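Structure, as structure tokens:
Bear in mind the structure is a predicted one, so any value in this text is a computation, not a measurement.
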Amino acid sequence: MAAEPYRDLFVLLFAAGRLAVWLAVFAAVFAPIERIFALRRQKIFRKEFAVDLGYYFLNGLLPGLVLGAPISLAVLAIHRAIPGGVPATIAGWPIWLKACATMAVGETAYYWAHRLSHQIPFLWRFHAVHHSAEELDFLVNTRMHPVDLVWSRMAMLTPVYALGLANPVRFGDGLFAAIILIIGSAWGYFIHSNVRWRLGRFEWFLTTPGFHHWHHTRGGKRRDCNYASMLPVLDRIFGTHYLPNAWPERYGIDEPMPDSLAGQFIHPLTPPRPSLPAKDARAAGQ
């Protein structure tokens with residue numbers, strides 16, 4: 001009984017230690033290639049590196065703490081809306097078909113959650129934190145406001161779980177499908193990386209840095225494209241694909257964003273300031 005109060009702390013420290021090991025693995029892979037094949041010359045400990053490091057641990061620990069209840073409720077709601085025979089039929093599918101269905105369902109759900117994060121002003125306030133990075137490398141993948149993270153993960157995982165393609169409780173049930181979801185999460189580190197690789201026809205089948213960097217471009221409406229996480233065919237189907245034979249000149253957003261982790265956490269929660277008329281804005285700048 002005396003050890004009971006320390007159990008949760010031990011679990012948290014174990015999870016943080018596991019994240020630290022994975023970070024070392026990602027750094028060992030990406031740090032060398034981002035130096036040798038760099039798209040842009042930038043320091044490893046670039047601007048806001050510490051902020052993104054904070055996001056890495058925060059968002060690595062957060063989903064398991066907050067996603068369980070809302071996903072469970074959403075899954076129950078979906079189960080009530082679809083015929084009971086659908087999950088039963090899917091349960092009898094071969095592994096390869098479940099894997100393909102998991103990829104298609106999860107990617108499509110993520111695509112629309114991501115696209116809505118750009119189109120709905122309330123969601124954009126949180127998603128803008130991710131786009132505020134002015135230098136890209138593999139660690140920018142983890143820069144997500146917790147509200148943005150919960151929204152996108154919940155939108156992607158709920159239909160996958162509701163259809164029985166994967167099981168969050170029994171990892172062995174739908175193991176191959178779960179592995180695909182993990183690979184998809186890891187792929188995000190690659191498409192954010194600071195490498196100048198262009199992969200030719202391969203870019204028709206899987207997202208690449210050349211594809212995703214345009215999603216982070218600064219200025220105009222060009223960033224409202226290339227929403228897919230792994231399958232660029234979704235952007236082709238829904239008319240949001242953009243992949244010229246060039247790279248963006250700069251990254252980031254035009255609106256102000258705090259430089260600190262705490263500031264970026266609070267910023268989307270504060271009421272937006274009304275924009276000043278041009279005459280008043282010039283007077284304020286004097």
Side-chain angles (χ1 to χ4, degrees), residues 59 62-64 66-120 123 126-127 130 141-142 144 147-192 202-208 211-212 215 224-241:
N59 291 334
L62 186 67
V66 302
L67 279 176
I71 286 182
S72 297
L73 291 174
V75 167
L76 288 175
I78 293 176
H79 277 172
R80 291 178 178 273
I82 62 177
V86 173
T89 300
I90 292 175
W93 286 358
I95 290 177
W96 67 267
L97 185 55
K98 284 186 179 181
C100 293
T102 300
M103 177 74 79
V105 171
E107 276 288 298
T108 303
Y110 175 82
Y111 170 92
W112 281 107
H114 192 181
R115 184 167 175 173
L116 290 175
S117 294
H118 282 245
Q119 295 176 339
I120 299 176
L123 293 177
F126 297 97
H127 190 56
H130 179 66
N141 178 54
T142 65
M144 294 182 71
V147 173
D148 186 28
L149 175 72
V150 169
W151 157 248
S152 60
R153 291 284 180 86
M154 188 174 168
M156 179 181 69
L157 294 175
T158 296
V160 172
Y161 291 154
L163 293 172
L165 293 167
N167 192 320
V169 178
R170 294 178 307 202
F171 188 72
D173 187 3
L175 175 61
F176 197 69
I179 290 174
I180 287 180
L181 294 176
I182 293 172
I183 292 174
S185 297
W187 195 254
Y189 291 96
F190 172 60
I191 63 177
H192 286 90
F202 184 75
E203 293 179 330
W204 283 73
F205 305 103
L206 280 176
T207 59
T208 61
F211 173 90
H212 194 70
H215 182 70
D224 297 332
C225 67
N226 299 358
Y227 296 108
S229 173
M230 291 187 68
L231 302 179
V233 66
L234 290 171
D235 284 282
R236 294 186 180 278
I237 291 173
F238 298 118
T240 53
H241 189 272

Quiz item: For the side chain of His118 and the backbone of Asp224, is there at least one donor-acceptor N/O pair under 3.5 Å apart?
Solution: no
Quiz item: Hey, does the side chain of Asp235 reach the backbone of Asn226 with a donor-acceptor pair shorter than 3.5 angstrom?
Solution: yes
Quiz item: So, do His215 and His130 have ring centers that fall under 6.0 Å from each other?
Solution: no
Quiz item: Ignoring hydrogens and geometry, is there a side-chain-to-backbone donor-acceptor pair from His114 to Tyr110 under 3.5 Å?
Solution: no
Quiz item: Can you name the residues that form a ring pair (Phe, Tyr, Trp, His ring centres under 6.0 Å) with Phe205, not counting sequence neighbours?
Solution: none
Practice problem: Please identify each residue that fulfils side-chain hydrogen bond (donor to acceptor under 3.5 Å, both in side chains) with Thr142, with sequence neighbours left out. | Solution: none
Quiz item: Closest approach of Ala101 and Trp93, non-hydrogen atoms and distance?
Solution: CB-CZ3, 3.8 Å
Quiz item: Between Ser229 and Trp187, does any side-chain donor sit less than 3.5 Å from a side-chain acceptor?
Solution: no
Exercise. Could you list the residues that satisfy ring pair (Phe, Tyr, Trp, His ring centres under 6.0 Å) with Trp112, not counting sequence neighbours?
Key: Phe238
Quiz prompt | Contact summary for Ala109 and Ala155, nearest pair of heavy atoms | solution = CB-O, 3.2 Å
Exercise. Please report the closest heavy-atom contact between Ile191 and His212, naming both atoms and the distance.
Key: O-CB, 3.6 Å
Quiz item: Can you tell me how far the CD atom of Glu107 sits from the OH atom of Tyr227, to the nearest 0.5 Å?
Solution: 15.0 Å
Quiz item: Asp148: what forms a side-chain hydrogen bond (donor to acceptor under 3.5 Å, both in side chains) with it, not counting sequence neighbours?
Solution: His127
Exercise. List for me each residue that meets side-chain hydrogen bond (donor to acceptor under 3.5 Å, both in side chains) alongside Gln119, sequence neighbours excluded, and say none if there are none.
Key: none
Quiz item: Between Pro232 and Met230, which heavy-atom pair has the shortest distance, and what is it?
Solution: CD-O, 3.2 Å
Practice problem: Please name all residues satisfying side-chain hydrogen bond (donor to acceptor under 3.5 Å, both in side chains) with Asn59, sequence neighbours left out, ordered by chain then number. | Solution: none
Quiz item: If you measure from OG1 on Thr108 to CG on Leu231, what distance do you get to the nearest 0.5 Å?
Solution: 8.0 Å
Practice problem: Please name all residues satisfying side chain to side chain contact (heavy atoms under 4.5 Å, CB included) with Thr208, sequence neighbours left out, ordered by chain then number. | Solution: Leu199, Phe202, Glu203, Phe211
Quiz item: Considering residues at least two apart in sequence or located in another chain, which fulfil the side chain to side chain contact (heavy atoms under 4.5 Å, CB included) criterion with Val105?
Solution: Pro159, Val160, Leu163, Leu165
